[in-house]
Amino acid sequence: MKNQPKLTVVGAGPGDADLITLKAIKVLEQADVVLYDALVNNELLEYVNPSAEVIFVGKRRGCYRYQQEQINELIVARGFSHGHVVRLKGGDPFIFGRGSEEMEYAAKHGLEVAVVPGISSSLAVPAYQNIPLTKRGSSESFWVITGTTKQHQLSNDVALAAKSSATVVILMGMGKLSEIIHLFKEEGKNELPVAIIQNGTTPEEKIGIGTVDTIEEVVAKNNLSNPAIIVLGEVVNHRQQLLQVQQEAVLKEVV
């Protein structure tokens, strides 16, 4: 007997396979169909029900295997033909992951819907590099902004964020880096620390550290590109401060 048509949107975490949640693994084990994106670590597919159909629906090198409308239709079709469809997405599916759109479409077409939150790359990737998004005395809040809107423009929120003292985290923003830097320069924040982290939490991770004035040179020197996260704020300095504390502790032990 076929299972009840259902969609569960699942967050796969930021890249490191160990950062998926226990609940997400349990859902993968119960899936009848899994649709997964390009930013999902393939190691996670080992948790999928062996009898489930597994379909890659992601984007690679600018090529869309499926358009979003096709993915929506596929979710509904597989829900009615197979039962439990799991939509596996990188990071958290409700943070620029279009998970809510897919759930709305599925619900309109009669599927039961659920979500399993994931660890967002916007939080975890800086953390892996010892960059806290908030720190007493440095930052009381943070912005998480998409670098590219639906209209392929830089979000207006970046200009607002540049005026604040908050930490600013920009996802999918490498193509707009010059525009982003210009906005911060206009606010006189030339010396504000900036970190760019590519392929965060994975073995391919690369990082570049600079300031608003120097970060574009750092990007060119280190050949940094998408997928990457941009972090602007005084908290970026914590990484180096922690390293110095650790080195001083080691020196004390030696002495």
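Only a predicted model underlies this, so the values are computations on that prediction, with no experimental measurement involved.
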Identify the two heavy atoms, one from [X] and one from [Y], that lie closest to each other, and give their separation to 0.1 Å.
X      : Y      : result
Phe94  : Asp92  : N-OD2, 2.8 Å
Gly15  : Asn41  : O-ND2, 2.8 Å
Leu171 : Phe96  : CD1-CD1, 3.6 Å
Pro93  : Val115 : CG-CG2, 4.0 Å
Asn226 : Met174 : OD1-CG, 3.4 Å
Glu205 : Gly200 : OE2-CA, 3.2 Å

Using the side chain to side chain contact (heavy atoms under 4.5 Å, CB included) rule, take Ile196 and Ile229 through it: C-alpha gap first, then chi angles, then the decisive distance, then the call.
CA-CA 6 Å; Ile196 294 182; Ile229 286 177; over 6 Å; no
If you count the non-hydrogen atoms of other residues, nucleotides and ligands that lie under 6.0 Å from CD in Glu179, is the total more than 12?
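More than 12 within 6.0 Å, yes.
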Do other residues, nucleotides or ligands put more than 12 heavy atoms under 6.0 Å from the NZ atom of Lys185?
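Counting other residues, nucleotides and ligands, NZ of Lys185 exceeds 12 neighbours.
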Which value, rounded to the nearest 0.5 Å, describes the distance between [X] atom [atom1] and [Y] atom [atom2]?
X      : Y      : atom1 : atom2 : value
Asn199 : Thr201 : CG    : OG1   : 9.0 Å
Ile95  : Ser100 : CD1   : OG    : 11.5 Å
Gln67  : Asn72  : CD    : CG    : 11.0 Å
Asp32  : Glu53  : CG    : CD    : 10.0 Å
Tyr128 : Leu123 : OH    : CG    : 13.5 Å
Glu43  : Ile20  : CD    : CD1   : 11.0 Å

Going by an N to O cut-off under 4.0 Å, is there a salt bridge joining Asp37 and Arg87?
yes
Taking 4.0 angstrom as the limit, do Lys26 and Glu29 come out as a salt bridge?
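Salt bridge flag = no for Glu29 with Lys26.
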Between [Y] and [X], is there a side-chain heavy-atom distance shorter than 4.5 Å?
X      : Y      : answer
Tyr105 : Ile75  : no
Leu39  : Pro227 : yes
Pro193 : Glu234 : yes
Met103 : Lys108 : no
Ile209 : Val194 : no
Gln244 : Gln240 : yes
Val40  : Lys89  : no
Thr167 : Trp143 : no

Could you see if [X] belongs to whatever hydrophobic cluster contains [Y]? Use Ile, Leu, Val, Met, Phe, Trp, Tyr and a side-chain cutoff under 4.5 Å.
X      : Y      : answer
Leu242 : Val231 : no
Val169 : Leu160 : no
Ile230 : Val218 : yes
Val158 : Val144 : no
Leu44  : Val125 : no

Is a donor on one side and an acceptor on the other found under 3.5 Å between the side chain of [X] and the backbone of [Y]?
X      : Y      : answer
Asp16  : Thr202 : no
Asn222 : Leu224 : no
Lys189 : Ala162 : yes
Thr148 : His152 : no
Ser139 : Leu133 : yes

Before you tell me yes or no, could you show the steps for Thr21 and Val10 under side chain to side chain contact (heavy atoms under 4.5 Å, CB included), namely the whole-Å CA-CA distance, both residues' side-chain angles and the distance that decides it to 0.1 Å?
CA-CA 9 Å; Thr21 65; Val10 174; over 6 Å; no
State whether a side-chain donor-acceptor pair under 3.5 Å links [X] with [Y].
X      : Y      : value
Gln68  : Glu102 : yes
His238 : Ser138 : no
Lys6   : Gln30  : no
Thr211 : Asp213 : no

Does Gln198 form a side chain to side chain contact (heavy atoms under 4.5 Å, CB included) with Ser225? I'd like the steps, not just the answer.
CA-CA 7 Å; Gln198 179 181 331; Ser225 62; 3.9 Å; yes
Tell me, with the steps shown, if Val86 and Leu28 meet side chain to side chain contact (heavy atoms under 4.5 Å, CB included).
CA-CA 7 Å; Val86 173; Leu28 289 173; 3.9 Å; yes
